[in-house]
Participant: 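Take a look at the following structure, please.
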Amino acid sequence: PGEVGPQMAWAKLGEMLGVRGRLLDLYQLSYALFLPGFLRQLAPGLDWSQTRTGLPRERADDLEAAIAGSPTLHAVSTLELASFIGERLLPDTDAASMAVSVEVRVPLLDHRVIETLAGIDPARRFGPLGRKQLLRDLALDQLDPRLFERPKQGFEFPIGGWIRQELRAEIDALLTHRAASASIGLDGDAVARLWRAYAAG
């Protein structure tokens, strides 16, 4: 809204067209919280020439090498494992489970499973899209099919409600404290604008 402008979905279209089909850049933009222009406002002191779509250039080069020559769906799977799953989902799962002394196991992410899957023809591995047919055929044929026929559903913490209600005064004090923002390399005005836009919905 207003002070910041749209940052998600259709607002990314121009940026996505600008990367001219480079898969890594498209992948990064699809997960980005903010458009590159607003990121530059948030962290004007950062040397953006050393980054590529939100990644240090060396990390981007490593990921580019990892997906070079791969079929598109296999490349996206590689990026998911290296980035979203490896850098976000698994650490979040670890933190949440350890907080309540639960040991989480993720057998489908065992390296032997992943290596075997990587060798399967993409048409068999991914087709038909969205059905996880290979997983059904190999391991889950004894389960009720209704488990697979429902829409995909994530889980969310009620953080938005907490921030806008119970914790609003504390969050407001922090995110409008320009010196605190500057101490971590962020522009205080941009952070305050973002907070006001978020609080307004």
Side-chain angles (χ1 to χ4, degrees), residues 6-43 46-98 104-140 147-148 150-157 159 185:
Q7 297 293 311
M8 303 299 285
W10 63 267
K12 296 178 178 180
L13 182 58
E15 294 288 338
M16 289 188 163
L17 291 173
V19 302
R20 304 201 183 285
R22 291 187 306 268
L23 187 59
L24 175 60
D25 297 339
L26 287 169
Y27 179 85
Q28 283 297 108
L29 279 167
S30 73
Y31 275 109
L33 290 176
F34 305 114
L35 294 172
F38 188 68
L39 281 176
R40 286 179 172 78
Q41 292 175 39
L42 276 174
L46 187 65
D47 182 1
W48 290 97
S49 69
Q50 300 302 310
T51 68
R52 176 177 161 195
T53 57
L55 294 170
R57 285 210 172 264
E58 184 177 324
R59 175 69 170 149
D61 291 345
D62 289 346
L63 289 172
E64 196 77 76
I67 64 173
S70 295
T72 301
L73 290 175
H74 180 76
V76 170
S77 178
T78 299
L79 294 174
E80 286 284 279
L81 285 165
S83 300
F84 187 65
I85 292 173
E87 294 180 3
R88 186 184 294 176
L89 290 185
L90 290 178
D92 287 355
T93 300
D94 268 354
S97 61
M98 287 188 288
V104 173
R105 297 284 183 215
V106 284
L108 295 179
L109 294 178
D110 182 274
H111 72 93
R112 290 165 293 205
V113 174
I114 298 299
E115 289 162 4
T116 301
L117 285 172
I120 295 174
D121 177 70
R124 174 70 175 121
R125 180 178 175 193
F126 298 108
L129 284 177
R131 290 190 47 83
K132 300 184 181 176
Q133 192 64 47
L134 181 61
L135 179 62
R136 295 185 198 200
D137 293 346
L138 293 178
L140 305 177
L147 292 171
F148 295 97
R150 59 192 177 130
K152 187 173 181 179
Q153 179 181 343
F155 59 93
E156 291 184 21
F157 294 105
I159 293 173

Participant: Give me each pair satisfying salt bridge (Lys or Arg N to Asp or Glu O under 4.0 Å) with a member in residues 70-79, each pair once, sequence neighbours excluded.
Facilitator: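 Those involving residues 70-79 do not exist here.
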Participant: Got a donor-acceptor contact below 3.5 angstrom from the Gln133 side chain to the Gly127 backbone?
Facilitator: no
Participant: Please report the interatomic distance CG(Leu42) to CG(Leu33), rounded to the nearest 0.5 Å.
Facilitator: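 Taking CG in Leu42 and CG in Leu33, the distance rounds to 10.5 Å.
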Participant: Return each pair, listed once, that meets salt bridge (Lys or Arg N to Asp or Glu O under 4.0 Å) where at least one residue sits in residues 126-136; pairs must be two or more places apart or across chains.
Facilitator: Arg131-Glu149, Arg136-Glu149
Participant: For Ser97 versus Val104, what's the shortest heavy-atom pair and its separation?
Facilitator: CB-CG2, 3.3 Å
Participant: CZ of Arg112 to CG of Leu117: how many Å apart, nearest 0.5 Å?
Facilitator: 13.5 Å
Participant: Measure the spacing between CG of Leu79 and OH of Tyr31 and express it to the nearest 0.5 Å.
Facilitator: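 Atom-to-atom, Leu79:CG and Tyr31:OH are 9.5 Å apart.
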Participant: Kindly give the heavy-atom pair with the smallest separation between Pro122 and Pro71, and that separation in Å.
Facilitator: CG-CG, 3.7 Å
Participant: Tell me if a side-chain donor or acceptor on Trp48 pairs with a main-chain N or O of Pro36 at a distance below 3.5 Å.
Facilitator: no
Participant: What residue pairs, at least two apart or across chains, pass salt bridge (Lys or Arg N to Asp or Glu O under 4.0 Å) with a residue in residues 78-90?
Facilitator: Arg59-Glu87
Participant: Report the distance from atom OG1 of Thr51 to atom CG of Leu46, rounding to the nearest 0.5 Å.
Facilitator: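 Going from OG1 on Thr51 over to CG on Leu46, the span is 6.0 Å.
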Participant: Only one of Leu55, Leu63, Thr78 passes side-chain contact (heavy atoms from CB on, under 4.5 Å) with Ser83; say which it is.
Facilitator: Leu63
Participant: Heavy-atom count check: over 12 atoms from other residues, nucleotides or ligands less than 6.0 Å from Glu58 CD?
Facilitator: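 No, the 6.0 Å shell around CD holds no more than 12 heavy atoms from other groups.
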Participant: For Leu81, which residues count as a side chain to side chain contact (heavy atoms under 4.5 Å, CB included) partner, sequence neighbours excluded?
Facilitator: Ser77, Ile85, Leu109, Ile114
Participant: Side-chain contact, heavy-atom cut-off 4.5 Å: Ser30 with Met16?
Facilitator: yes
Participant: Counting C-beta onward and ignoring hydrogens, is there a side-chain heavy-atom pair between Arg124 and Asp137 closer than 4.5 Å?
Facilitator: yes
Participant: Grab the two heavy atoms, one from Gln28 and one from Thr53, that are nearest each other, plus how far apart they are.
Facilitator: NE2-O, 3.1 Å
Participant: Could you name each residue pair satisfying salt bridge (Lys or Arg N to Asp or Glu O under 4.0 Å) that touches residues 8-32, not counting sequence neighbours?
Facilitator: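 As it turns out, the salt bridge (Lys or Arg N to Asp or Glu O under 4.0 Å) pairs with a partner in residues 8-32, which skip direct neighbours, are Arg22-Asp25, Asp25-Arg52.
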Participant: What heavy-atom pair brings Thr72 and Leu23 nearest, and what distance separates the two atoms?
Facilitator: O-CD2, 4.1 Å
Participant: Would you mind listing every ring-ring contact (aromatic ring centres under 6.0 Å, His included) that reaches into residues 105-137, with sequence neighbours excluded?
Facilitator: none
Participant: For a 4.5 angstrom cut-off between non-hydrogen side-chain atoms, does Ile67 reach Val76?
Facilitator: no
Participant: Mind checking whether Asp94 and Leu90 have side chains closer than 4.5 Å, heavy atoms only?
Facilitator: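 Contact flag for Asp94/Leu90 side chains = no.
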Participant: Are any non-hydrogen side-chain atoms of Val19 and Leu24 less than 4.5 angstrom apart?
Facilitator: no
Participant: Shortest non-hydrogen contact from Ser70 to Ala66?
Facilitator: OG-O, 4.2 Å
